[in-house]
Amino acid sequence: MSSDDGSIGHLSIHNTQFKHADGVYDTIRLGYGLTLDEHSDDCSPKHVLTKQLARFPEGQFVAVCEQDGLNNGDPRGGHSKQVVGVAIT
């Protein structure tokens, strides 16, 4: 994943945890062409993710991009982590 300054962050794959729920939901909504402020019950809200993790936790994955120097657009810098991909069974 590239930032505005052209640098590339570190991409890692993790088993999904409940802490990733918002990122999973946002990624799926964007994949279906919805904006982040549009609600959709079809895009795995948190209660669906909770059930998936309870049934088969080792079968859910997230791709997380980590970047230093950017903190959600804050010019003061920092460290950001963002879910950029999901695999759901």
ask   = Any idea which heavy atoms bring T50 and F18 closest together, and the distance?
value = OG1-CE1, 3.3 Å
key: Nearest heavy atoms of C65 and L11, plus distance in Å   =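 In this case the closest contact between C65 and L11 is N-CD1, 4.1 Å.
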query = How long is the span from the CD atom in E58 to the OG1 atom in T16, to the nearest 0.5 Å?
reply =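 One gets 11.5 Å once the value is rounded to the nearest 0.5 Å.
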task = Enter the distance from H20:NE2 to Q82:CD here, rounded to the nearest 0.5 Å.
result = 12.0 Å
Cut-off 3.5 Å, no hydrogens considered: what does the side-chain donor-acceptor table look like for residues 26-34, sequence neighbours left out?
{"unit_1": "D26", "atom_1": "OD1", "unit_2": "R29", "atom_2": "NH2", "d": "2.3"}
{"unit_1": "T27", "atom_1": "OG1", "unit_2": "G23", "atom_2": "O", "d": "2.7"}
{"unit_1": "T27", "atom_1": "OG1", "unit_2": "V83", "atom_2": "O", "d": "3.4"}
{"unit_1": "R29", "atom_1": "NH1", "unit_2": "L36", "atom_2": "O", "d": "2.7"}
{"unit_1": "R29", "atom_1": "NH1", "unit_2": "E38", "atom_2": "O", "d": "2.9"}
{"unit_1": "R29", "atom_1": "NH2", "unit_2": "L36", "atom_2": "O", "d": "3.2"}

task = With sequence neighbours left out, write down each residue that passes side-chain hydrogen bond (donor to acceptor under 3.5 Å, both in side chains) with S12, or none if nothing qualifies.
result = H14
ask   = Would you say the side chain of F61 lies within less than 4.5 Å of the side chain of V86, judging by non-hydrogen atoms?
value = no
